[in-house]
Amino acid sequence: MSKIAFIFPGQGAQYCGMGQDFYEQTKIGKETYDMASSLLGFDLPELCFEKNDRLDITEYTQAAMVTTSIAMMRVLEAEKGIRPQVTAGLSLGEYCALAAAGVMSDADAIRTVRQRGILMQEAVPNGIGAMAAILALDALTIEEVLGGMEGVQIANYNCPGQIVISGKKEAVEAANEKLLAAGAKRALMLNVSGPFHSSMLTGAGEKLGEVLKGVEIKTPQIPYVANVTAQYVTVSDMVKPLLKEQVFSSVRWQQSVETMVADGVDTFIEIGPGKTLAGFIKKITKDARVFNIEKLEDMAKLINFS
């Protein structure tokens, strides 16, 4: 019997139109989008399915991504009867994992990421912070180079050969030069609206902690892997402190996948726009099966799933 993990992408994987078939062709999908629209006070289908500039702004991106991934997950569960034994998500995808684990209601996950996005967007003025992807350089070397610099840190341990750094724009640019000199194949500035997962967002994390005080957290029905620790969370009192810290801490995605694999997870189902996490997993482990659900037709891949 397979040990299944549901995994959920984070910001940067959004594509206009993703999820439209779930909205238009399934009752559960439509109900999820309509619930989000009612909760947030703006039209989620319009935001997600029509071309607009707001999808590039994190306060809207986060709500769109989480709503879309949750809608897809609920349809998958209802129509295929597939349930995970473990779950995890990259950055804001962790909120989908919380919903999958029964820690947070779908409505609270959507509401909370909307507030999270606003707080993160307001934390740093545009143009002050930046992020960059460092390719083909090991984590230890990157850590050593950044250890002697101020204003820049590792934001994401994505997979072997791909690490993202974040911080003040000038510091990130200087770090890029040093990392290229240290052997990185490329250093690519990312088109993002803030220096996510850096100490520049500490204030946003503290404010999110206040928001979380009003959110009901339940004991996980299945374990989920926290971004900050890359370890299983099985008790409710750990959830809020980790979510607060996640805003300004490194996302340990590679380590999270390694934790799940070591625990016997052999099948990963990525649920949400894009195939980013599936690509990461194939670079982290050669032995796991990886599926991706971003269109209704993708569920046909799971007909003989076991």
Any side-chain heavy atom of Leu98 sitting closer than 4.5 Å to one from Leu243? yes
Please examine the side chains of Met260 and Lys3, heavy atoms only from C-beta on, and report whether any two atoms are closer than 4.5 Å. no
Whether Glu210 and Lys207 form a salt bridge (side-chain N of Lys/Arg under 4.0 Å from carboxylate O of Asp/Glu) is what I want to check. no
Heavy-atom closest contact (Leu40 atom, Arg111 atom, distance): CD2-CA, 4.3 Å
Check the orientation of Phe49 and Tyr23. Use parallel for under 30°, tilted for 30 to 60°, and perpendicular for over 60°. tilted
Hey, quick one: are Ile118 and Met65 part of the same hydrophobic cluster, counting side-chain heavy atoms closer than 4.5 Å, chains of contacts allowed? no
Ser2 (side chain) donor-acceptor with Ile4 (main chain) under 3.5 angstrom: no
Are Val257 and Phe268 close enough, and set up right, to give a side-chain contact (heavy atoms from CB on, under 4.5 Å), and what steps lead you there? CA-CA 9 Å; Val257 172; Phe268 293 89; 4.0 Å; yes
Please evaluate residues Ile293 and Leu302 with respect to the criterion side-chain contact (heavy atoms from CB on, under 4.5 Å), reporting the C-alpha separation (whole Å), side-chain torsions for both, the decisive distance (0.1 Å), and the verdict. CA-CA 10 Å; Ile293 304 297; Leu302 306 180; 4.0 Å; yes
Contact check, side chains of Ile281 and Ile7, non-hydrogen atoms, under 4.5 Å: yes
Give the minimum heavy-atom separation between Tyr95 and Ala109, together with the two atoms involved. O-CB, 3.9 Å
In terms of heavy-atom contacts, Pro160 and Ile284 come closest through CD-CG1, 3.7 Å
Quick one, Thr68 and Cys48 - any side-chain contact, counting heavy atoms below 4.5 Å? yes
Answer yes or no: are there more than 12 heavy-atom neighbours, outside Asp237 itself, under 6.0 Å from its atom CG? yes
Assess the residue pair Ile134 and Ile154 against the criterion (side-chain contact (heavy atoms from CB on, under 4.5 Å)); give the C-alpha distance rounded to whole Å, side-chain angles, the decisive distance to 0.1 Å, and a yes or no. CA-CA 10 Å; Ile134 309 302; Ile154 292 178; over 6 Å; no
Is the CD atom of Glu150 crowded by more than 12 outside heavy atoms at less than 6.0 Å? no
Counting C-beta onward and ignoring hydrogens, is there a side-chain heavy-atom pair between Leu137 and Val145 closer than 4.5 Å? no
Measuring from atom CD of Glu245 to atom CG of Leu208, what distance do you get when rounded to the nearest 0.5 angstrom? 12.0 Å
Got a salt bridge between Asp298 and Lys295, using NZ or NE/NH1/NH2 to carboxylate O under 4.0 Å? no
Donor-acceptor check, side chain of Thr202 to backbone of Ser199, threshold 3.5 angstrom: yes or no? yes
Smallest separation among heavy atoms of Ser166 and Val172, with atom names: C-CG2, 3.9 Å
Kindly indicate whether the side chain of Asn156, heavy atoms from C-beta on, has any atom under 4.5 Å from the side chain of Phe196. no
Could you tell me whether the side chain of Ser193 and the main chain of Ile57 form a donor-acceptor pair under 3.5 Å? no
Before you tell me yes or no, could you show the steps for Asp263 and Tyr232 under side-chain hydrogen bond (donor to acceptor under 3.5 Å, both in side chains), namely the whole-Å CA-CA distance, both residues' side-chain angles and the distance that decides it to 0.1 Å? CA-CA 10 Å; Asp263 188 47; Tyr232 283 142; 2.7 Å; yes
With no hydrogens and no angle check, is any side-chain donor or acceptor of Ser37 less than 3.5 Å from a backbone partner on Leu44? yes
Is a salt bridge present between Glu59 and Arg114, judged by a nitrogen-to-oxygen distance below 4.0 Å? yes
Tell me, which pairs form a salt bridge (Lys or Arg N to Asp or Glu O under 4.0 Å) where one or both residues lie in residues 117-144, sequence neighbours left out? none
d(Gln162 CD, Trp253 CH2) to nearest 0.5 Å is 13.0 Å
Donor-acceptor contact below 3.5 Å, side chain Glu294 vs main chain Met18: no
CA sep, side-chain torsions, deciding dist, call: Asn176, Met189, side-chain contact (heavy atoms from CB on, under 4.5 Å): CA-CA 9 Å; Asn176 286 349; Met189 297 295 286; 3.2 Å; yes
Quick one: does Glu270's side chain have a donor or acceptor within less than 3.5 Å of a partner on Ala278's backbone? yes
Keeping the roles fixed (side chain from Lys185, backbone from Ala136), state whether a donor-acceptor pair exists under 3.5 Å. no
If you round to the nearest 0.5 Å, how far is CG of Asp108 from CD1 of Ile217? 7.5 Å
Nearest 0.5 Å please: distance from the CZ atom of Arg54 over to the CD atom of Glu46. 5.5 Å
Given 3.5 Å as the limit, does a donor-acceptor pair link the side chain of Thr61 with the main chain of Leu55, or not? yes
Drop me the distance from Gln20's CD to Leu296's CG, to the nearest 0.5 angstrom. 11.5 Å
Would you confirm whether Lys283, through its side chain, and Asn158, through its main-chain N or O, come within 3.5 Å as a donor-acceptor pair? no
One should read off an interatomic distance between Gln62 CD and Gln115 CD, to the nearest 0.5 angstrom, of 11.0 Å
Check for a donor-acceptor pair, side chain of Thr259 on one end and backbone N or O of Gln255 on the other, with a separation under 3.5 Å. yes
Applying a strict under-4.5 Å side-chain criterion to I, L, V, M, F, W and Y, I'd like to know whether Ile82 and Met72 cluster together. yes
Do you know which two heavy atoms are closest between Pro195 and Met131, and how far apart they sit? CA-CG, 4.0 Å
Do Val215 and Met35 sit in the same hydrophobic cluster, where Ile, Leu, Val, Met, Phe, Trp and Tyr count as joined when their side-chain heavy atoms come under 4.5 Å apart? yes
Could you state whether Met200 and Leu146 fall into the same hydrophobic cluster, counting links through intermediate Ile, Leu, Val, Met, Phe, Trp or Tyr residues with side-chain heavy atoms under 4.5 angstrom apart? no
With sequence neighbours excluded, residues passing side chain to side chain contact (heavy atoms under 4.5 Å, CB included) with Gln246: Glu94, Arg116, His197, Asn227, Val228
Do you know which two heavy atoms are closest between Pro9 and Ser69, and how far apart they sit? CD-OG, 4.2 Å
A side-chain contact here means heavy atoms from C-beta on lying under 4.5 Å apart; do Asn52 and Leu47 qualify? yes
Please say yes or no: joined through hydrophobic side-chain contacts below 4.5 Å, possibly via intermediate residues, are Leu277 and Val261 part of one cluster? yes
Any Leu119 side-chain heavy atom under 4.5 Å of Val247 side chain: no
Phe22 meets the ring pair (Phe, Tyr, Trp, His ring centres under 6.0 Å) criterion, sequence neighbours left out, with none
Only one of Glu79, Lys80, Met73 passes side chain to side chain contact (heavy atoms under 4.5 Å, CB included) with Glu77; say which it is. Met73
Is atom NZ of Lys240 surrounded by more than 12 heavy atoms (other residues, nucleotides or ligands) closer than 6.0 Å? yes
